[in-house]
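Worksheet: one structure, shown below.
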Amino acid sequence: ARSKTVVLHAAEASVELKGAIINGQYVRPWVREGPELNINVTPWIVPGGKNEIMLIMGGSHETISSVTLEFHTPGTYP
């Protein structure tokens with residue numbers, strides 16, 4: 001992940017996914033539209049090290065259909 005922009009991407013239908021805790025730091029999106037969550041988590045990821053990621057949900061019990069970490073060339077997203 002060195003010299004990459006790291007984006008946490010998750011999809012779920014209820015829009016109850018509020019953010020994530022990345023290595024102890026609560027991170028949330030500035031704007032959330034629709035069933036997908038995208039958060040630039042680059043500042044909180046430890047390249048080559050152990051990383052703990054916890055997703056934070058709201059009140060309903062919904063299924064998260066996918067979770068990925070995306071690696072982008074810096075400056076291309078977001």
Side-chain angles (χ1 to χ4, degrees):
R2 289 194 203 295
S3 71
K4 295 285 185 181
T5 297
V6 183
V7 175
L8 173 68
H9 173 84
E12 51 86 31
S14 70
V15 193
E16 290 291 333
L17 187 54
K18 304 301 183 191
I21 297 175
I22 311 292
N23 294 323
Q25 177 68 41
Y26 176 60
V27 183
R28 64 180 181 83
W30 288 102
V31 176
R32 170 89 196 266
E33 294 181 9
E36 295 186 353
L37 176 79
N38 291 289
I39 306 173
N40 182 341
V41 296
T42 307
W44 302 281
I45 293 294
V46 179
K50 182 178 179 181
N51 291 281
E52 182 177 73
I53 300 171
M54 294 183 284
L55 301 178
I56 305 299
M57 295 289 288
S60 70
H61 295 75
E62 295 293 330
T63 300
I64 298 171
S65 56
S66 69
V67 177
T68 58
L69 285 178
E70 300 174 350
F71 299 91
H72 300 272
T73 302
T76 60
Y77 186 85

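Only this structure's heavy atoms are used, side chains among them; waters, hydrogens and symmetry mates stay out.
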Report summary line: One should read off an interatomic distance between Arg28 CZ and Lys18 NZ, to the nearest 0.5 angstrom, of 11.0 Å

Without placing hydrogens or testing angles, list every side-chain donor-acceptor pair under 3.5 Å for residues 49-59, not counting sequence neighbours.
unit_1	atom_1	unit_2	atom_2	d
Asn51	OD1	Asn23	ND2	2.8
Asn51	OD1	Val46	N	2.7
Asn51	ND2	Val46	O	3.0
Asn51	ND2	Gly49	O	3.1

Query raised in the report: Can you tell which of Val41, Asn40, Ile22 makes a side chain to side chain contact (heavy atoms under 4.5 Å, CB included) with Val6?
Result: Val41

Query raised in the report: Is Val7 reachable from Ile21 through a run of I, L, V, M, F, W or Y residues, each pair having side-chain heavy atoms under 4.5 Å apart?
Result: no

Query raised in the report: Do side-chain atoms of Ser66 reach the backbone of Ala10 as a donor and acceptor pair under 3.5 angstrom?
Result: no

Query raised in the report: Which distance, rounded to the nearest 0.5 Å, do you find between the NZ of Lys4 and the CD1 of Ile45?
Result: 15.0 Å

Query raised in the report: Would you call Thr63 and Glu12 a side-chain contact if the rule is heavy atoms closer than 4.5 Å?
Result: no

Requested in this report: For residues Pro29 and Leu37, determine if any side-chain heavy atom of one lies less than 4.5 Å from a side-chain heavy atom of the other.
Outcome: yes

Query raised in the report: Would you say the side-chain atoms of Thr42 pair up with the backbone N or O of Thr5, donor to acceptor, closer than 3.5 Å?
Result: no

**Report entry** From Ile39 atom CD1 to Trp44 atom CH2, the distance as rounded to the nearest 0.5 Å
**Finding:** 8.5 Å

Query raised in the report: Cluster question for you: counting only ILVMFWY and a side-chain heavy-atom cut-off of under 4.5 Å, with indirect links fine, are Leu8 and Phe71 together?
Result: yes

